[in-house]
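The block underneath contains the structure these notes are about, expressed in structure tokens.
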Amino acid sequence: MSREVRVRFAPSPTGPLHIGGVRTALYNYLFAKKHQGTFILRIEDTDQARYVPGAEEYIKESLDWLGITPDESPWNPGNFGPYRQSERKPDYMQYALDLVEKGHAYYAFDTAEELEAMRERLTAARVVQPQYNSITRTQMKNSLTLSAEEVKARLESGEPYVIRVKIPRKEEVRLNDLIRGWVMVHSSTLDDKVLMKSDGMPTYHLANIVDDHLMKITHVIRGEEWLPSAPLHVLLYQFFGWEDSMPEFAHLPLLLKPDGNGKLSKRDGDRLGFPVFPIDWNNPSSSETAMGFREQGYLPEALLNFLAFLGWNPGDERELFTKAELVEAFSIDRIGKAGAKFDIAKAKWYNEHYLRAKSVDELQQFVIQDAQKEGFEVSEEKAAAMVRLTKDRVTFPAELWQESKFLIVTPSTFDDQVASKRWNADAVKVLTHYAERLQNHSGEFDAETAKNLLAASADAVEVKLGKVMQAVRLAVTGAGAGPDLMEIFAILGVKELANRIRFALDQLPVNG
RNA sequence: GGUCCGUUCGUCUAGGGGUUAGGACGCAUCCCUUUCACGGAUGAAACACGGGUUCGAUUCCCGUACGGACUACCA
């Protein structure tokens, strides 16, 4: 029985999408595309209290940025809508009622206080698992303990109620996870989870199963945090009589803190100085901004490649994959079982790789825009030259401008350390001579010419060029290290170069 | 606490009953280079522990330790 592959990514809009969620979306996407299937985005907004405005748009923008575009979503509906669970609200009750009719679920009228009292009582009695289950439900207020008349009366009076699943007392629940193999759980360790809340909304468990069934989902690829409730979901499929079309499950290993142990959190990012969200998130209630990979200068193709390899590998030694290549190579059975620590150094390496792979044309825009932000107009030609000079030395696009802005902004200060070490009488002699030569120079001035002239100056004053190179660099750029000096000279041009040298000669005291 | 999941270099991982346990990031050294990077080369660096099974276990089994997730009218 091979059905058309349909997978879904089902986040709840309670805040910014965590990078782990992005990876889950990615794996779903890759799996769908690999099998010419459909990738669906479904918004699980059944918890009204936790709904955060803007979170949905954030999810959309994040996925768009990375090119993990859903084939069906609230913004691009297919034939299985709506794609927001809040909009599917009217449908869930009938399914819950169906379960009640079949004897797999029941009404419960217990108040929050009564539930709390029950848990306290059980804890005091040292019951290992204080939960609403096959044993404790006999002492609670529900349609299993109350008479039919009373249940009817309570329902008709409008008393709040929930619908709970009736977990069988003794049953072995088996589930064949695509990543972990057979997982077996005894039903006695499960509790009678709420299916319908008193506000008329379904819980995750009900909505998830109903929607996956209705949307003809074939594979549920989600985070490992769902593994403990997967047996409940299997049971639900059985209760509904949907075993035949039950999707396959694949529970992904978690993303862990880079140091120490535990799940990767926003705090880790703040503490260690790297993002854990795909794009910037402006918290509407605190007006704080959580940094995103995009704004920090990570390229989407780099983040994608990095994320794909956190828990998956193709089985050979290739590590550089475009999105299309990932689709081609992806398979669930090559996903690892153990959690992966988040190592930002590797992400940076990927970024460098993809940055270098970009053409000068693509990159020069970054320079032009960054310069503009600081009030400088840089021509395309100049920006291209600046990119050529720096692209092999930086990690992020923003560094392109930072590392080459000295070409636009004449240095007014000079690195003290380098000055005290390298600035000497020989340097002054060479530079003085060179400045004069430059003034008289006419015609082409390229790197080659610049170098020949400089070498001639050194010769003329009988100084070894190598001895004064760093001082020359200091005079022109203000720093002791940087890109190829002669290329810099060529870009600067004779006039600006001569000016800078004279300025340095004027500013720096001669010692030695 | 209980249930479930996991454990190969610092990190991401390959591998699998007999291997010099492979690659990548990072790190170190060297080469290239009139600097710093890039690039190239080399190197240090791992099978959590204890029992089995076996001629042989890092690999299979069982325990232990450690780690993680879950344990809501949250997802």
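In what follows, chains are A, B, ... by sequence order, proteins preceding strands, each numbered from 1.
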Whole-Å distance, A:Q85 CD to B:C74 C1', equals 13 Å
Contacts of A:K263 meeting salt bridge (Lys or Arg N to Asp or Glu O under 4.0 Å) (sequence neighbours excluded), chain-then-number -> none
Indicate, yes or no, whether a donor-acceptor pair under 3.5 Å links the base of B:A24 to the side chain of A:K346.
-> yes
Between A:H251 and A:R222, is any side-chain donor less than 3.5 angstrom from a side-chain acceptor?
-> yes
Atom pair distance, as rounded to whole Å: CG in A:L355 and P in B:G39 | 12 Å
Would you please confirm or rule out a distance under 4.0 Å between OP1 or OP2 of B:A75 and any side-chain N or O of A:K197?
-> yes
N/O (side chain, A:T46) to phosphate O (OP1/OP2, B:A75) under 4.0 Å | yes
Residues in residues 158-172 of chain A with a heavy atom under 4.0 Å of RNA chain B, by number, are A:V162, A:R164
Nearest-nucleotide 5' precedence on RNA chain B, A:M184 against A:D392 = A:M184
Are A:W401 and A:F366 close enough, and set up right, to give a ring pair (Phe, Tyr, Trp, His ring centres under 6.0 Å), and what steps lead you there?
-> CA-CA 8 Å; A:W401 161 247; A:F366 287 106; over 10 Å; no
Got a sec? Which of residues 477-491 of chain A come in under 4.0 Å of RNA chain B, heavy atoms?
-> A:G480, A:A481, A:G482, A:P483, A:D484
Quick one: label A:K467 by what it contacts on the DNA or RNA (base, sugar-phosphate, nothing), any heavy atom closer than 4.0 Å.
-> nothing
Tell me whether the OP1 or OP2 atom of B:A72 has a side-chain N or O from A:R50 closer than 4.0 Å.
-> no
Salt bridge A:E114-A:R119, side-chain N to carboxylate O under 4.0 Å | no
Identified side chain to side chain donor-acceptor pair (under 3.5 Å) counterpart of A:Q85 within the set A:N208, A:D211, A:D45, A:D91 = A:D211
Give a yes or no on whether a donor-acceptor pair under 3.5 Å exists between the nucleobase atoms of B:C73, that is its base, and the side chain of A:S198.
-> yes
Do you see a donor-acceptor pair shorter than 3.5 Å between the side chains of A:T395 and A:E352?
-> yes
May I ask you to evaluate whether A:N313 reaches the phosphate of B:A14, defined as a side-chain N or O under 4.0 Å from OP1 or OP2?
-> yes
When both distances are under 3.5 Å in a Watson-Crick or G-U wobble arrangement, the nucleotide paired with B:G43 is B:C27
